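These notes are about the structure you will find just below.
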Amino acid sequence: MQTVDAARTEAGLLPKELKELPQAAATSVWAAVVANKDEIGGHYLEDCAIAPINDTPNPFADGVRSYALDANKAKQLWAKSEELISAAS
């Protein structure tokens with residue numbers, strides 16, 4: 001945690017405060033019970049909402065990077081994962 005705090009300070013941000021357990025679980029519970037599945041499917045969720053796309057170079061910025069939502073890269077990752085699994089068995 002000290003390394004993360006040092007990096008955040010270097011990036012001009014305040015130290016990160018850890019969430020309480022209910023806060024940490026809130027987005028998962030919201031997605032499972034409250035949210036409209038048709039609206040949230042295929043999205044990255046953060047703090048009980050669909051996370052905004054944020055491509056700032058700051059690794060501590062809120063939101064999701066656009067490359068994480070790239071369907072083609074997801075397919076490539078899935079294919080590579082299957083290749084690695086079949087090579088291991």
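Computation of the quantities below employed the complete heavy-atom set of this structure, encompassing side-chain atoms and omitting hydrogens, waters and symmetry-equivalent molecules. The first residue in the sequence is number 1, and the count goes up from there. Worth saying up front: this structure is predicted, and the values here are computed from it rather than measured.
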List for me each residue that meets side chain to side chain donor-acceptor pair (under 3.5 Å) alongside Glu83, sequence neighbours excluded, and say none if there are none. Lys80

Set of residues satisfying side chain to side chain donor-acceptor pair (under 3.5 Å) with respect to Thr56, sequence neighbours excluded: Asn54

Under the side-chain contact (heavy atoms from CB on, under 4.5 Å) test, which residues partner Asn36, sequence neighbours left out? Asp38, Glu39

Taking all atoms of both residues into account, what is the closest heavy-atom pair of Gly63 and Ala51, and its distance? CA-CB, 4.1 Å

Main-chain N/O of Glu46 paired with Thr27 side-chain donor or acceptor, under 3.5 Å: no

Salt bridge (Lys or Arg N to Asp or Glu O under 4.0 Å): which pairs involve residues 21-37, sequence neighbours left out? none

Please indicate whether Leu21 has more than 12 foreign heavy atoms, meaning atoms of other residues, nucleotides or ligands, lying under 6.0 Å from its CG. no

So for atom OH, which belongs to Tyr44, do other residues, nucleotides or ligands contribute more than 12 heavy atoms lying within a distance under 6.0 Å? no

Hydrophobic clusters join Ile, Leu, Val, Met, Phe, Trp and Tyr when side-chain heavy atoms are under 4.5 Å apart, directly or via other members; which others share one with Leu45? Val29, Trp30, Val33, Val34, Ile40, Ile50

Within residues 18-33 or reaching into it, pairs that qualify as salt bridge (Lys or Arg N to Asp or Glu O under 4.0 Å) - sequence neighbours excluded: Lys19-Asp47

Of all pairs that satisfy side-chain hydrogen bond (donor to acceptor under 3.5 Å, both in side chains), the ones with a partner from residues 58-76, not counting sequence neighbours: Asp55-Ser66

Applying side chain to side chain donor-acceptor pair (under 3.5 Å) to Glu82 and not counting sequence neighbours gives Trp78

